Amino acid sequence: MDSKPYNLTPEEERQLIDSEFDDLLQGYVSSNHRKKVDIIKRAFKFARQAHEGVRRRSGEPYILHPIAVAKIASREIGLGSTSICAALLHDVVEDTEYRVEDIEQQFGKKIAELVAGLTKISGGIFGDRASAQAENFRKLLLTMSQDIRVVLIKMADRLHNMRTLGSMAPNKQYKIAGETLYIYAPLAHRLGLFGIKTELEDLSFKFEHPAEYDRIASLLKGSEEKREMVYNNFAAPIHQQLARMGLTYEAKARVKSVYSIWRKMETKHIPFDEVYDLYAMRIIFDAPEGVGEKEMCYRIYAALTDLYRPHPDRIRDWITVPKANGYQALHVTLMGPDGNWVEVQIRSRKMDEIAEKGFAAHWKYKIGGESEEESELTVWLRTIKDILDDPNPNAIDFLDTLKLNLFSSEIVVFTPKGELLTLPAGATVLDVAYTLHSEIGNHCIAGKVNHKLVPLSQKLNSGDQVEVLTSQSQTPKPEWMSFLSTAKGKTRLRKELRRVQQPFVEEGRKIFEKFLDDNNIILNNDVITKILGRYQVQTREELFLKLGSGEASIDDYLNVNTSSGAKSLVSRLFRLGFGGKTNRKRGNHKSESEGHDRADRPKINPKETYILHDDGSERNFSLADCCRPIPGDDVMGFLTYEGGVEIHALTCPHAQKLKAGHGDRILAVKWDSVSREFIANILIEGIDRHGILQELTGMISSTLDIDIRRLNIEAKGEVFTCYLDVKVTDTAQVDGLCSKVLKINGVKRADRMK
C-alpha cells in the first residue's frame, strides 16, 4: 500500500518513472501483440508532460498511476497498444488543459474515442470524485456497447486505485472499498476477469475488516505446510496417471482467497478449521494433435475417476454450456485419500487464458467474424442496454437491477423449441416470459415446467423445459416485481407499470405543484428528501402516483385536516427545516419532541473519524434497524439528511447500497465510551438430551450474569435449535457467551446471528 512516507529526490523520481515505463514496455514487447512501440512511447511522453508537477495523495508523481494502469491492462488483462496508449492518457483530458481533439490529432481516432469514453466515467485525480456514483455507472455501461476496452481499462484503473487506497482518508476508504465490492468486483466477474475480481474482493475486505483479514491470512499461512502435504498426497497418483497418458500439462493448487473463506465462514456459520475446500486442483493441458479440447477434458475426467470416487452432485460441465462470461472448464469433486473432498478443474490452455483474462482473451482466438464467446458478451450487453433504456430509474434501483445480472449463480433452461436461456439462480417463469419479449411478460398468466402447470412465480432449476402461457386479458401488477430475478424482467415490468400509471403521476404532479405555489414554498434537496421520507416513498414519481391515484393526500400525511390547515402545514414544513421563501422566521416553532434543531448540532466533518459516545442517557448516533450493530462490530456512519449519524454494520446489505450510491455521506466511525446495553441474537444447535435447556439458561443468567430477553427452543428428533436474545454491552461479551455455551455437553454450535 502507498501508506509509507514519500521522500525521493527529483533525480530518484525521474529514474523511478523511467524504470516503471521500461518495465511496461518490456512486458508489452514479450506479449503476442504486434509491436507498436513508437506510439506507446509518444503517449507516455505526452502524458508525462501533461501531468508534470501533479502528485497523488501519497506524494508520488501522478504519472506513475497511468503507467501502473497501462501495465495492468497489458499484463493482467492482455490488451494491446491501443489500450495501453488510452490507459497512459486516460486522465489527461479530465485533469489538464488538453481536449479529446488534441488526443485525436496526436494519436488517431480510436485512441481518442477510448480516452473520451474513460473521461466520461472519470473520477478525477483520485480525490473526492474517485468513487463514481450511480449516474457514473450508467455512463460506464453505456460505453461498453461502443467498445468493451473502455470498461476493461476502467477495471485496471480501479484495481490500481484499490492497491493504493492506504493513502486515502478512512471515510473515502469505506466509500471506495464498498463501491468496489458492490459493483466493480461483480463486473469483473461478469467480464471473466477472475484474477482481478478476486483481488478487488480481497482488497475491499482488507480495508473494511482489517482485523478479520489479518486473522484469516495468518491462519492460512499457519496451515500452509499441512495443506501442501495433503495436496501432494492427493496429487501424486494423478501425476502418475497423466504421465502414463503422455499428456503435456500443468497442475497446481489454487488456494481459496481470504474474502471467499470469510464469506463461507459467515454464510455457513463455521470456524476456519471446518472450511475443507481451502484449495482446488487445476489441470491445464495442451490438447494433442488430432484430439479436440472437449474430448481431452473427458479423457482426463475418466482417468481421475478411476483413481478417486467422484461426488455425484458436484460435477459441473461448463464446456458443453459455458458460463455467460465465456468461462469453460470441467469441474469434478473427488474424495481424497484423507477422506476430504477436493475439487479438480480441468481446462485446456485456451480455456485457462479465457478464464483468467476474460473477454479480452477472446480476440486472440477470434477466427473470422464473431466468436461464440463474444456473442455471449453481445447478449449480455443487450441486457444492459435494456436497463439503460429505462427512462427515469431511481439510482439505487438502478444499482440493484444491474447487480442482479452481474454476480449471480446461473441456471440454464430450455424453451419447447430447444432454445437455451441462461438466467440467474432463482429465476421464475415470469423471468423467462420477459426474457423472451416484453409483451409475453406483460400477458403471462402461468407456465408449464417439464409439461406440468405451474404459477408464474414458480422458481426454475437448471435443465427445466419452460413453456410460457399468456392471455390478452392479463395485465402487469406491481406485486410481480417480487417474482423477478432478472434485470431485464424488472426493467421491462417497471417500464410497463410506468406507462399504465403515467396519467395518475401527472395528476399527482399537478396537485403537488399547486400546493407549493399556493404556499409559496421553494424546493431544495433537503426539502424533497424529507417529504419523500414522510410519505415513505423513494422517488418523486412514487409520491405523485400516491397523490394522483388518491392513495394519499398532503393533508392526511401531514396531519392537516381543516380548511384553514394550509398555514399550519407551512409552519410544520418550516419547523422541520424544509426551507422556503419565508423560512428565516422558523426559530419559534421548535418543539420538545424534535430534540436538537439541526442548527444546534455540531457540524460533522466527513474527513475526520467520528467518535461514537453513549453515556446511557444521551448518545450522538442512532442504530440502523436493518442490521442492529453492537460495539465491537466493524461499522460505518451514514450522515442523514436531518444531520444525524446512523450506524450500520459494514456487512449490512443496505450499507453496501449506501456506499455505492451515497458515498459522499459515508463516515468513518469509532466506538468509544458506550455504556448502554444492546440486544444480540444468538443461535445455538446441538444434540437434544434431558436437562440441557435448564443447563443452558442457568449458565447464561446465573454464571455469566447476562439478561435473557427471549428464548425459543425447538427439538426435532435428536437435534435441538435454540434462538436466544440477550442484553450485552459489546461483541466481546457475545464471544465469551458463545465460547462458554459450546463447552456444554451436546452443544455443537453457538453463533451470533447478524
Side-chain angles (χ1 to χ4, degrees), residues 1 3 57 126-131 133 165-182 204-213 396 525-526 529-530 533 577 594-680 728-734 754:
M1 297 296 163
S3 51
R57 282 179 181 264
F126 206 42
D128 288 348
R129 291 170 295 148
S131 175
Q133 301 303 308
L165 195 57
S167 58
M168 298 296 288
N171 68 314
K172 289 293 193 304
Q173 290 179 358
Y174 287 151
K175 170 186 172 183
I176 295 169
E179 175 189 284
T180 298
L181 203 55
Y182 193 74
S204 299
F205 178 54
K206 184 172 186 175
F207 281 103
E208 292 199 335
H209 305 277
E212 194 65 5
Y213 179 92
I396 297 299
N525 285 339
D526 274 359
T529 299
K530 290 182 179 180
E594 292 171 60
H596 293 293
D597 190 275
R598 286 182 64 177
D600 298 335
R601 287 196 176 109
K603 190 167 177 61
I604 296 168
N605 183 356
K607 295 182 180 179
E608 295 177 358
T609 300
Y610 185 78
I611 307 301
L612 304 174
H613 297 291
D614 184 349
D615 61 7
S617 60
E618 189 175 344
R619 62 183 174 189
N620 65 347
F621 62 92
S622 62
L623 296 175
D625 291 334
C626 46
C627 51
R628 296 198 298 174
I630 64 177
D633 283 336
D634 289 335
V635 291
M636 69 166 209
F638 178 70
L639 190 58
T640 67
Y641 287 96
E642 287 77 20
V645 176
E646 185 177 70
I647 303 303
H648 290 263
L650 280 173
T651 51
C652 165
H654 187 59
Q656 291 176 2
K657 295 182 196 177
L658 293 175
K659 283 179 280 188
H662 302 280
D664 56 328
R665 291 186 166 271
I666 301 303
L667 299 174
V669 298
K670 183 180 178 183
W671 296 105
D672 188 26
S673 53
V674 179
S675 58
R676 192 183 300 262
E677 287 188 310
F678 300 82
I679 297 293
V728 295
T729 54
D730 55 27
T731 55
Q733 199 171 5
V734 175
K754 297 179 185 177

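Since the model is a prediction, treat every value here as computed from it, not as a measurement.
- For His613, there are no ring pair (Phe, Tyr, Trp, His ring centres under 6.0 Å) partners two or more places apart in sequence or in a different chain.
- Distance CH2/Trp671 to CG/Asp634: 11.0 Å, rounded to 0.5 Å.
- Nearest heavy-atom pair, Ser204 versus Ala177, reported as atom, atom and distance to 0.1 Å: OG-O, 3.3 Å.
- A donor-acceptor pair is defined here as one N or O able to donate and one able to accept, closer than 3.5 Å; such a pair exists between the side chain of Asp730 and the backbone of Ala732.
- Looking at Asp614, its side chain never comes within 3.5 Å of a backbone N or O of Phe621 through a donor-acceptor pair.
- Using a distance-only test at 3.5 Å, with no hydrogens or angles considered, no donor-acceptor pair links the side chain of Arg57 to the main chain of Met168.
- Residue Leu623 holds its CG atom at 5.5 Å from CZ of Phe678, rounded to the nearest 0.5 Å.
- The line from CG of Asp625 to CD of Glu646 is 8.0 Å long, rounded to the nearest 0.5 Å.
- For Arg628, the CZ atom counts as loosely surrounded, since its 6.0 Å shell holds 12 or fewer non-hydrogen atoms of other residues, nucleotides or ligands.
- Across Pro170 and Ala668, no two heavy atoms sit closer than the pair CB-CB, 3.3 Å.
- Atom CD1 in Ile666 sits 12.0 Å away from atom CD1 in Ile176 (nearest 0.5 Å).
- In this view, Glu212 and Arg215 satisfy the salt bridge (Lys or Arg N to Asp or Glu O under 4.0 Å) rule, not counting sequence neighbours.
- Every salt bridge (Lys or Arg N to Asp or Glu O under 4.0 Å) that Glu208 has, sequence neighbours left out, goes to Lys659.
- Aromatic rings from His209 and Phe205 are positioned such that their centres are separated by under 6.0 Å.
- The two residues Met636 and Leu650 come nearest to each other via the heavy atoms CB-CD2, 3.7 Å.
- Note: Ile647 CD1 to Asn620 CG = 8.0 Å, rounded to the nearest 0.5 Å.
- Annotation: the span from Lys172 atom NZ to Leu165 atom CG amounts to 11.0 Å, rounded to 0.5 Å.
- Ring orientation note: the planes of His648 and Phe638 are nearly perpendicular, at an angle over 60° on the 30°/60° scale.
- Across Cys626 and Cys652, no two heavy atoms sit closer than the pair SG-SG, 3.5 Å.
- When all heavy atoms of Val734 and Val728 are compared, the pair lying nearest together is CG2-CG2, 3.8 Å.
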Please evaluate residues Tyr610 and Asn171 with respect to the criterion side chain to side chain donor-acceptor pair (under 3.5 Å), reporting the C-alpha separation (whole Å), side-chain torsions for both, the decisive distance (0.1 Å), and the verdict. CA-CA 10 Å; Tyr610 185 78; Asn171 68 314; over 6 Å; no
